[in-house]
Colleague: 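My questions all concern the structure below.
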Amino acid sequence: MDEIISFVVSKYNYWAFIILMMIGLYAMIAKKNLVKKIIGMSIFQTAIILFYVSSGAKKNATLPIIEHGHGETPHPILAVDYINPLPHVLMLTAIVVSVATLGVALALAIRVYHQYGTLEEDEIHSQINGK
Amino acid sequence: MKAIGLITVIICGCLLIYGSLDFPGWGDVTSPASTYLSPYYIEKSIEDTAVPNMVTAVLADYRGYDTMFETTVIFAAGLACFFLLRTHKRKSSTHRLYRHISTGLVVRIEEGGTIPDDTTRFERMDSLWTPYDLVIKTTCRLVIPFIQLFALYVIAHGHHSPGGGFQGGVILGAAIILFAISHDLRTTMNRISERISALLSAAGVFLYAGTGMVCLLLGAAFLDYSALAPLLGSDSVMSRSHGILIVEIGVGLAVMAVMIWLYYNISSAGKHDEGL
């Protein structure tokens with residue numbers, strides 16, 4: 001019983017992010033409204049960002065900012081004491097890219113609306129096939 | 001379609017959960033993500049760059065190429081929205097309606113009449129007209145300078161606390177968008193026109209790439225800020241810290257301008273006549 005609990009505690013963050021990812025993926029596939037698909041894409045990107053950031057955590061470690069930076073360093077800097085800064089850096093890029101794609105996706109949705117008069121995927125398909 | 005989607009998603013989720021059984025535990029110190037390069041970044045960033053915030057040092061110095069192209073990506077997003085959406089203003093119908101704010105009188109101006117230019121006494125009524133709200137306008141007018149000041153603090157203090165160019169740039173853009181929401185889009189565009197925001201976003205990217213070029217012209221590698229030491233008058237470690245500050249300012253400028261530009265184009269669907 002103890003091993004099961006310790007196993008679940010060490011892995012449940014991955015399962016939570018996988019569930020979020022799958023919610024986003026389902027929204028992208030199965031919803032018919034274009035804006036709901038865009039929201040699903042945003043949920044998916046958020047889940048990926050959380051997954052990467054959580055993979056950089058370390059037990060009993062603090063933020064990756066060194067206190068008393070300038071001047072003397074009274075204590076040596078050990079890598080065990082600070083959480084991994086690399087996933088944070090990569091995910092800054094990912095957040096910026098997700099904002100950019102969200103902006104362009106919304107602009108495309110506005111153009112689709114002006115062209116077809118609707119944002120529902122099946123009505124757009126019937127208009128394209130009917131013409 | 002929904003049933004197929006649900007089955008696919010459930011199968012995919014189960015496969016991913018099965019794959020996650022092999023992952024390192026949460027918070028494991030010996031995980032592969034924390035053992036190859038990141039101890040070097042943690043231990044050496046302050047003696048290489050004199051910047052206590054390791055995330056800013058890695059973002060703007062060790063991985064500076066990546067951040068430069070990321071700034072270019074956000075500039076390209078602003079450009080793409082501009083090219084997709086921008087249209088000419090439709091010549092509306094013959095008359096325009098203006099409302100005198102203090103008395104509530106509505107004036108109708110036909111073609112060829114003089115249009116009141118003073119937006120503090122007359123407001124234009126469109127199909128999307130919202131009433132003049134004193135509480136919202138005054139509150140936002142009082143709060144916006146403090147938001148901008150805080151954003152500048154976030155950019156400037158990115159070396160010592162969480163922050164930096166992207167975060168500060170977004171807060172600056174949000175302050176201008178708050179101004180556009182509380183007043184109207186026309187007032188905001190009179191202060192920051194679209195041409196200024198486009199030029200500022202390009203200037204931000206240019207500042208970042210230009211810093212790299214100056215390093216190249218001074219004889220070192222592209223984006224190697226220690227070559228800026230004779231120009232800035234400090235030793236080569238402090239000049240890396242100053243170089244990081246310069247590129248963060250460039251990034252903040254570009255992000256702010258693109259946020260404003262995106263808001264102008266998306267909220268008015270390209271016509272720039274009336275926002276949200």
Side-chain angles (χ1 to χ4, degrees), chain A residues 6-7 9-15 18-19 21-23 25-26 28-32 54-61 63-70 73 76-90 92-93 95-97 99-101 103-104 106-108 110-111 113-114, chain B residues 1-2 4-6 8-10 12-13 16-17 20-21 23-29 31 33-34 37-43 45-46 50-55 57-59 63 66-67 70-71 73-74 76-78 80-81 84-85 159-162 164 166 170 255 258 262 265-266 269-270:
Chain A
S6 71
F7 179 74
V9 162
S10 71
K11 298 272 194 288
Y12 76 98
N13 63 328
Y14 299 123
W15 301 343
I18 289 173
I19 292 176
M21 255 191 254
M22 291 301 114
I23 293 175
L25 191 63
Y26 177 73
M28 277 200 281
I29 295 177
K31 295 287 179 186
K32 292 206 178 45
S54 86
S55 77
K58 287 184 199 172
K59 249 189 166 58
N60 295 332
L63 296 172
I65 296 176
I66 302 175
E67 307 218 10
H68 314 291
H70 285 279
T73 29
I77 304 167
L78 293 174
V80 202
D81 293 332
Y82 298 96
I83 64 175
N84 193 359
L86 263 182
H88 294 252
V89 172
L90 301 173
L92 268 175
T93 311
I95 293 174
V96 169
V97 165
V99 166
T101 44
V104 179
L106 285 174
L108 283 171
I110 293 178
R111 293 294 294 168
Y113 181 72
H114 280 161
Chain B
M1 191 61 186
K2 291 207 187 224
I4 298 178
L6 196 58
T8 311
V9 156
I10 290 180
C12 191
L16 279 173
I17 291 181
S20 83
L21 298 177
F23 281 177
W26 193 10
D28 190 7
V29 180
S31 68
S34 307
L37 192 52
S38 83
Y40 176 82
Y41 286 150
I42 295 176
E43 288 163 9
S45 76
I46 186 140
V51 169
N53 185 359
M54 296 170 212
V55 174
V58 174
L59 181 76
R63 302 270 166 117
D66 189 28
T67 310
E70 183 184 341
T71 318
V73 160
I74 194 133
C81 282
L84 276 174
L85 286 177
H159 288 201
H160 300 270
S161 68
F166 291 104
V170 169
V255 172
V258 168
L262 275 179
N265 282 324
I266 292 184

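First the proteins, then the strands, lettered A, B, ... as listed; each starts at 1. In this text the structure is predicted, and so the values were computed from the model without any measurement.
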Colleague: Do other residues, nucleotides or ligands put more than 12 heavy atoms under 6.0 Å from A:K59 NZ?
Modeller: no
Colleague: Working to the nearest 0.5 Å, report the span between OG1 of A:T93 and CG of B:D66.
Modeller: 4.5 Å
Colleague: How close do A:S55 and B:A33 get, counting heavy atoms only, and between which atoms?
Modeller: O-CB, 4.1 Å
Colleague: Give the member of A:I19, A:L25, A:L92 that has the highest number of heavy-atom pairs under 4.5 Å with chain B.
Modeller: A:L92
Colleague: Does the side chain of B:H160 come within less than 4.5 Å of A:I65's, by heavy atoms?
Modeller: no
Colleague: Suppose we screen for ring pair (Phe, Tyr, Trp, His ring centres under 6.0 Å). Which residues come up paired with A:Y14, at least two apart in sequence or across chains?
Modeller: A:F51, B:F23
Colleague: Need one label for A:I18: side chain, backbone, both or neither, based on atoms under 4.5 Å from any heavy atom in chain B.
Modeller: side chain
Colleague: Sequence neighbours left out, what passes ring pair (Phe, Tyr, Trp, His ring centres under 6.0 Å) with A:Y12? Give chain and number order.
Modeller: B:W26
Colleague: For the NE2 atom of A:H88 and the CG atom of B:L59, what is their distance to the nearest 0.5 Å?
Modeller: 12.5 Å
Colleague: Does any part of the side chain of A:I110, heavy atoms only, come nearer than 4.5 Å to the side chain of B:I266, both counted from C-beta?
Modeller: yes
Colleague: Once you round to the nearest 0.5 Å, how far does CD of B:E43 lie from CG of A:D81?
Modeller: 9.5 Å
Colleague: How about A:K58: does its NZ atom have over 12 heavy atoms from other parts shown lying under 6.0 Å from it?
Modeller: yes
Colleague: Counting only heavy atoms closer than 4.5 Å, note whether B:T71 contacts chain A via side chain, backbone, both or neither.
Modeller: neither
Colleague: What part of A:I95 gets within 4.5 angstrom of chain B, counting heavy atoms only: side chain, backbone, both, or neither?
Modeller: neither
Colleague: Which atoms of B:A80 come close to chain A, meaning under 4.5 Å heavy atom to heavy atom: side chain ones, backbone ones, both, or neither?
Modeller: side chain
Colleague: Which atoms of B:L6 come close to chain A, meaning under 4.5 Å heavy atom to heavy atom: side chain ones, backbone ones, both, or neither?
Modeller: both
Colleague: Specify which of B:I4, B:I17, B:L262 makes the most heavy-atom pairs with chain A at under 4.5 Å.
Modeller: B:I17
Colleague: Quick check for you: among B:P39, B:S34, B:G78, which has the greatest number of heavy-atom pairs under 4.5 Å with chain A?
Modeller: B:S34
Colleague: Taking the side chain as C-beta and beyond, is there a heavy-atom pair between B:I42 and A:P64 under 4.5 Å?
Modeller: no
Colleague: Can you see which heavy atom on A:R111 is nearest to which on B:L84, and at what distance?
Modeller: CD-O, 3.1 Å
Colleague: If I compare all heavy atoms of A:H114 with all of B:A269, which pair ends up nearest, and what's the gap?
Modeller: CE1-CB, 4.0 Å
Colleague: Could you grab the distance from atom CG of A:L90 to atom CZ of B:R63, nearest 0.5 Å is fine?
Modeller: 6.5 Å
Colleague: To the nearest 0.5 Å, how far apart are CG in B:N53 and CG in A:L63?
Modeller: 9.5 Å
Colleague: Which distance, rounded to the nearest 0.5 Å, do you find between the SG of B:C12 and the CE of A:M22?
Modeller: 4.0 Å
Colleague: If you take all heavy atoms of A:A100 and B:V73, which pair is closest and at what distance?
Modeller: CB-CG1, 4.3 Å
